[in-house]
There are 2 protein chains.
Amino acid sequence: MTLGERSTGGRTHVPSAAERQADPAAPKGRSSGRPSDRHGEILDAALELFATIGYRATTMSQIGDRIGIRGPSLYKHVHSKQEMLVEIMAGMMEELLRRQRAALDAGGDVRERLERITAVHVQYHAEHRYEAFVGHREIDSLEEPERSRILDLRREYESRFRELVQEGREHDVFGASSDRWASYAILDMGIGVSAWYNPSGSVGPDELAATYAEFAVRMLGAGEAEPAPRRSA
Amino acid sequence: MTLGERSTGGRTHVPSAAERQADPAAPKGRSSGRPSDRHGEILDAALELFATIGYRATTMSQIGDRIGIRGPSLYKHVHSKQEMLVEIMAGMMEELLRRQRAALDAGGDVRERLERITAVHVQYHAEHRYEAFVGHREIDSLEEPERSRILDLRREYESRFRELVQEGREHDVFGASSDRWASYAILDMGIGVSAWYNPSGSVGPDELAATYAEFAVRMLGAGEAEPAPRRSA
DNA sequence: CCTACCGATCGGTAGG
DNA sequence: CCTACCGATCGGTAGG
């Protein structure tokens, strides 16, 4: 909850990882201790370790421990440690882009759209803090060409913010200031959420997202025109 | 310059590291290739590597390469790899706190003080992006008890933001919203700067700092009362 | 400041 | 899914 603790990567449990579209072959359904989705289980364990102690610091043996098997046994379900990272990071960026796209497709004026992609950005970083944290921190742990691929996705994601800020400024909805700096500021404050957000706290990701969307809009100098739509995407 | 590149940790040269108060014994003065400040040279090399490829990924041999000696020879000037990280991180946090303290001691109303500590925050993260980047990213690479010590310093640094936001809200200078979230947002957008700022670009750290100080103040809902003092601390 | 080298760790493979 | 193990890396020490 403090800045210091934030940088630790969070210490509560990882949620999600059910909508990871990976696992194209294996059967779905975790919950009971049934044999099924070993691949998904392994990825979840890896994600939690990557997020809390880092990719390089995580050993195959530790990942195995989390699901009750030995390190070498992981290779029956996974090709390599690197491949796990690739799957996690690619899945994360694709999901983020998907949600951003949906937020934009919902239409509305510039200000509404900016609020919406900001809310989506923040909400994801709170709900999927481990994925987001790893996705942001471990890019350089990726080998080429995957690293460049992910970097391209990030650039695309980021450019949507910049374009919207620019559009708003050109239509005098937002005040003047560097579009790039403003969009970076919005992106970075959202990314920061993944480092300190506490899922067992009293506020939900959606409330946080709505507040940050307001921060963004105010930062850009767009006054409180209408009663400020509070929905959080 | 793009979000993607940001996460690489920057690719230009490291500045500074002359004011690192360390090196309490060895003679000062670098510049010519004279024997003198080996310790400082080593720390500079280590910092650049820690920032670009990470602490764990950096080998003693690589650090040696940068100054033209072998890995084992480093131990004549430094006790361990870990000690180098401690020196870098402690020096960074102490400098940041020193500057923040000075910004607060300069007085003024809440809004002025918040602008000033935000500007100082951002300016440092631009000017000393490597120190700041490492200081933020490698906290968990520190062994105890140093890790906890640094974490305490961070908490202190951060609490000054929160206190100021709170003070402004209580005096109705800032609008209502979570003090903690708002201060985190300001802190995080500043930290982000250390990941993407390009020192060879056309804008200086002070201009960026002034812009971000305005972002912060607008985000908090403090209108443009007076002509908005633009000095950047 | 160097070479030689130790001790430990770790990703991944062999071969059941 | 396991044990045994290889090959490579790396921080740090010995001993000049």
Side-chain angles (χ1 to χ4, degrees), chain A residues 23 25-27 30 33-50 52-89 134 138 140-144 146-147, chain B residues 23 25-27 30 33-50 52-89 134 138 140-144 146-147:
Chain A
D23 205 25
R30 193 139 7 112
R34 267 177 294 106
S36 45
D37 193 12
R38 235 24 178 158
H39 186 83
E41 259 185 286
I42 292 172
L43 281 190
D44 283 351
L47 172 60
E48 203 170 317
L49 283 161
F50 292 168
T52 48
I53 65 176
Y55 175 75
R56 288 185 69 103
T58 300
T59 70
M60 295 303 274
S61 171
Q62 285 174 303
I63 297 172
D65 278 350
R66 294 240 166 177
I67 60 167
I69 65 177
R70 302 285 176 181
S73 303
L74 293 170
Y75 290 90
K76 272 287 160 195
H77 305 95
V78 123
H79 287 126
S80 67
K81 188 183 169 189
Q82 174 72 199
E83 190 214 56
M84 290 190 267
L85 182 61
V86 169
E87 249 180 280
I88 289 169
M89 306 246 318
V134 170
E138 301 289 0
D140 289 342
S141 299
L142 286 172
E143 293 163 9
E144 294 292 0
E146 283 76 19
R147 178 175 163 280
Chain B
D23 205 22
R30 193 141 6 114
R34 266 177 294 106
S36 43
D37 194 13
R38 236 23 178 158
H39 186 84
E41 258 185 287
I42 291 173
L43 280 190
D44 283 351
L47 172 61
E48 202 170 320
L49 283 162
F50 292 169
T52 49
I53 67 176
Y55 174 75
R56 287 184 71 102
T58 299
T59 69
M60 295 303 276
S61 171
Q62 285 173 301
I63 296 172
D65 279 350
R66 295 241 166 176
I67 59 167
I69 66 177
R70 300 288 176 180
S73 304
L74 293 170
Y75 290 91
K76 272 289 159 193
H77 305 96
V78 125
H79 287 126
S80 68
K81 189 183 170 189
Q82 174 72 200
E83 190 215 54
M84 289 189 266
L85 183 62
V86 170
E87 248 179 282
I88 289 169
M89 306 247 317
V134 170
E138 301 289 1
D140 289 342
S141 298
L142 286 172
E143 294 164 8
E144 293 294 359
E146 285 75 21
R147 178 175 163 280

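We name chains A, B, ... by the order of the sequence lines, and we start the count at 1 in each one.
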Run the salt bridge (Lys or Arg N to Asp or Glu O under 4.0 Å) test against B/Glu144 and tell me which residues pass, sequence neighbours left out. B/Arg147

Spatial distance of atom CD1 (B/Ile63) from atom CG (B/Leu49) [nearest 0.5 Å]: 6.0 Å

Measure from CG on A/Asp65 to P on D/dC1 and round the result to the nearest Å. 14 Å

Would you check if the side chain of A/His39 reaches a backbone N or O of A/His77 as a donor-acceptor pair within less than 3.5 Å? yes

Stem regions touching DNA chain C, defined by at least 3 consecutive Watson-Crick or wobble G-U pairs below 3.5 angstrom: C:1-16 with D:1-16

For nucleotides 8-15 of chain D, 5' to 3', base contacts (B), sugar-phosphate-only contacts (S) and non-contacts (-) with protein non-hydrogen atoms under 4.0 Å give --SSBB--

Whole-Å gap separating P (C/dC1) and CD1 (B/Ile63): 15 Å

In short, B/Ala46 meets B/Met84 closest at the heavy-atom pair CB-SD, 3.8 Å

Can you sort out the partners of B/Glu83 under side-chain contact (heavy atoms from CB on, under 4.5 Å), two or more places apart, ordered by chain and number? B/Val78, B/His79, B/Ser80, B/Glu87

Residue B/Arg70, side-chain heavy atoms: nucleotide from D/dC2, C/dC1, C/dT3 that is nearest: C/dT3

Run the salt bridge (Lys or Arg N to Asp or Glu O under 4.0 Å) test against B/Arg66 and tell me which residues pass, sequence neighbours left out. B/Glu48

From B/Leu74 atom CG to B/Met60 atom CE, the distance as rounded to the nearest 0.5 Å: 4.5 Å

Using the test side-chain contact (heavy atoms from CB on, under 4.5 Å), find all partners of B/Ser141 that sit at least two apart in sequence or belong to another chain. B/Tyr55, B/Leu85, B/Glu138

